[in-house]
Amino acid sequence: MIIPAKSPQAKEASSLVNGLQAYFVSKLNSISLKFGAGKSCEAVSWGRDGGKHGGGVRYEARDAVVFDRASVNFSQVHYDDDKKKKLGSATAISTIIHPSNPHVPSMHMHISWTQMRDGEGYWRVMADLNPSIIGESESDKKRFSEILEKVTGELYDEGAAQGDRYFHIPVLGRHRGVSHYYLEGYNSGNFEEDKAFVLEVGERVIDTYIAIISAKLAEYPTFTQEDKEEQLAYHTLYLFQVLTLDRGTTSGLLVHDQNDVGIMGSIPSHVNRDILATWVEKMPEPQDILVKALLKALPNETPTPVDVKTKKALANAVRKHYKKYPEALSMQASGEIIPPTVDNHK
């Protein structure tokens, strides 16, 4: 049994992100019916401390015709029974979609409400478009960025700039994706208005991404082996960014090990360990040691599969590294960004 947070705002945030989760899952299932094998997403639940401090449910895609990896996660953790904790609760939807077709871009979205024990709280809103084939991405980038600008209004420039900083990969001189948005610590002082705002952002991002998926699958019903190789290279970069730079992933893994598979749900099904190995020498100390540990955790084959066992090994490698080298945390993504506190950020 998963015990929910007691805060009225946390309850409202839970209703909001649960609604977004159901909405997105229904859209993904429709994509499977139209373009795939018609297999629906399946629910997987987990409990924080057996459900005493919350937990969550993630819907994982099962239609391999359309999706390489895809999960839509609801998470709520709380410390209502622990007066020593400054954090009261954190409630979120966090989703990553990696399509099987390399012509179709991946997408990540995260919306969360974090509330301190004193009642103060804030929203975090993230959305980014991540194509495997950059040369085909200009129109999708324009479409995704324009909808974000339209729905966020005067908050767009701040979120876009923060997103570009967060998803930059310094040693490779590029970003993870082509359109990034990250609004951190948002609270206008009116909870109801803010709730309506983040709901609209979530719905518009979902609608826009589903439209992009549909258009791409209709335009590119087939793909070549060269296309898949380009996708594999990009998926390797995605793993590299998430496990060496993403503060949300790192903080989630360091807090506990009760949801490693959920936290690592953003990792694609296969990567190229040979490409990853070439980036070891680009990393400053001690982050070069981390990449070597990731290589050790990955199977010694190419393409390199990332199954449940490997996800747990990768999670343990990250956790072990930062416990041994805590100073390396300051070497992660640039910008003064507060690490997300929910468990399955990406």
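Values reported hereafter were calculated over all heavy atoms of this structure, with side chains retained and with hydrogens, waters and symmetry mates removed.
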Donor-acceptor under 3.5 Å ([X] side chain, [Y] main chain):
{"X": "Asn101", "Y": "Tyr220", "answer": "yes"}
{"X": "Arg273", "Y": "Thr302", "answer": "no"}
{"X": "Ser32", "Y": "Ser40", "answer": "no"}
{"X": "Thr208", "Y": "Val205", "answer": "no"}
{"X": "Asn29", "Y": "Cys41", "answer": "yes"}
{"X": "Thr250", "Y": "Arg247", "answer": "no"}
{"X": "Arg117", "Y": "Lys85", "answer": "yes"}
{"X": "Ser214", "Y": "Ala211", "answer": "no"}
{"X": "Asp68", "Y": "Pro99", "answer": "no"}
{"X": "Asn187", "Y": "Gly121", "answer": "yes"}

Would you say that [X] contacts [Y] through its side chain, given a criterion of any heavy-atom pair below 4.5 Å between the two side chains?
{"X": "Arg143", "Y": "Lys141", "result": "no"}
{"X": "Val308", "Y": "Met264", "result": "no"}
{"X": "Val306", "Y": "Leu314", "result": "yes"}
{"X": "Tyr325", "Y": "Leu290", "result": "no"}
{"X": "Ser89", "Y": "Gln9", "result": "no"}
{"X": "Arg176", "Y": "Val242", "result": "yes"}
{"X": "Phe67", "Y": "Leu28", "result": "yes"}

Taking all atoms of both residues into account, what is the closest heavy-atom pair of [X] and [Y], and its distance?
{"X": "Ser179", "Y": "Leu148", "result": "OG-CD1, 4.2 Å"}
{"X": "Tyr209", "Y": "Pro105", "result": "OH-O, 2.6 Å"}
{"X": "Asp194", "Y": "Gly189", "result": "OD2-N, 4.0 Å"}
{"X": "Ala315", "Y": "Leu253", "result": "CB-CD2, 3.7 Å"}
{"X": "Thr236", "Y": "Asn272", "result": "OG1-N, 2.7 Å"}
{"X": "Phe35", "Y": "Val65", "result": "O-CG1, 3.9 Å"}

- prompt: Given the rule in the side-chain hydrogen bond (donor to acceptor under 3.5 Å, both in side chains) test, do Gln162 and Glu158 qualify, once you have shown the distances and angles that lead to the verdict?
  reply: CA-CA 6 Å; Gln162 184 80 298; Glu158 175 188 350; over 6 Å; no
message: So that I can tick it off, tell me whether Arg319 and Asp260 are bridged by a salt bridge, with the cut-off set at under 4.0 angstrom between side-chain N and carboxylate O.
response: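 Looking at Asp260 and Arg319, the cut-off is met.
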- request: Look at Lys282 together with Asp288 and state whether they make a salt bridge at an N to O cut-off of under 4.0 Å.
  value: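 Here Lys282 does not pair with Asp288 in a salt bridge, since their nearest N and O are not under 4.0 Å apart.
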Side chains of [X] and [Y], donor plus acceptor under 3.5 Å:
{"X": "Asp227", "Y": "Thr224", "answer": "yes"}
{"X": "Asp307", "Y": "Thr310", "answer": "yes"}
{"X": "Asp164", "Y": "Tyr181", "answer": "no"}

Compute the centroid of each ring, for [X] and then for [Y], and state whether the two points are separated by less than 6.0 Å.
{"X": "Tyr186", "Y": "Trp113", "value": "no"}
{"X": "His110", "Y": "Tyr182", "value": "no"}
{"X": "Tyr79", "Y": "His53", "value": "yes"}

Near [X] [atom1], under 6.0 Å, is it more than 12 heavy atoms from other residues, nucleotides or ligands?
{"X": "Lys195", "atom1": "NZ", "answer": "yes"}
{"X": "Glu285", "atom1": "CD", "answer": "no"}
{"X": "Glu281", "atom1": "CD", "answer": "no"}
{"X": "Lys311", "atom1": "NZ", "answer": "yes"}

message: As a quick check of understanding, evaluate side-chain hydrogen bond (donor to acceptor under 3.5 Å, both in side chains) for Glu136 and His103, giving each step before the final call.
response: CA-CA 8 Å; Glu136 299 174 356; His103 295 288; 2.9 Å; yes
Step-by-step side-chain hydrogen bond (donor to acceptor under 3.5 Å, both in side chains) determination, Tyr23 to Asp207: CA-CA 10 Å; Tyr23 183 64; Asp207 289 343; 2.5 Å; yes
task: Not counting sequence neighbours, list each pair that qualifies as a ring pair (Phe, Tyr, Trp, His ring centres under 6.0 Å) and has a residue in residues 258-301.
output: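 Non-adjacent pairs meeting ring pair (Phe, Tyr, Trp, His ring centres under 6.0 Å): Phe240-Trp279.
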Qualifying residue, where the test is side-chain hydrogen bond (donor to acceptor under 3.5 Å, both in side chains) with His98 and the options are Ser106, Ser132, Ser269: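 With His98 as partner, Ser106, Ser132, Ser269 yield a single side-chain hydrogen bond (donor to acceptor under 3.5 Å, both in side chains), made by Ser106.
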field: Among Gln115, His78, Gln76, the one residue meeting side-chain hydrogen bond (donor to acceptor under 3.5 Å, both in side chains) with Thr91
entry: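 Single pass found, and it is Gln76.
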message: Holding to side chain to side chain donor-acceptor pair (under 3.5 Å), I want the full list of residues that pass it with His235, two or more places apart in sequence or in another chain.
response: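 Testing His235 for side chain to side chain donor-acceptor pair (under 3.5 Å), a comparison that skips the adjacent residues, returns none.
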message: Run Leu245 and Gln241 through side-chain contact (heavy atoms from CB on, under 4.5 Å) and show every step you take.
response: CA-CA 5 Å; Leu245 290 172; Gln241 189 276 333; 4.3 Å; yes
- prompt: Mind checking what makes ring-ring contact (aromatic ring centres under 6.0 Å, His included) contact with His180, not counting sequence neighbours?
  reply: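 Result, ring-ring contact (aromatic ring centres under 6.0 Å, His included) vs His180: Phe167, His175.
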field: Residues Lys228, Gln231; criterion side-chain hydrogen bond (donor to acceptor under 3.5 Å, both in side chains); working and verdict
entry: CA-CA 5 Å; Lys228 289 300 287 185; Gln231 182 188 56; 2.7 Å; yes
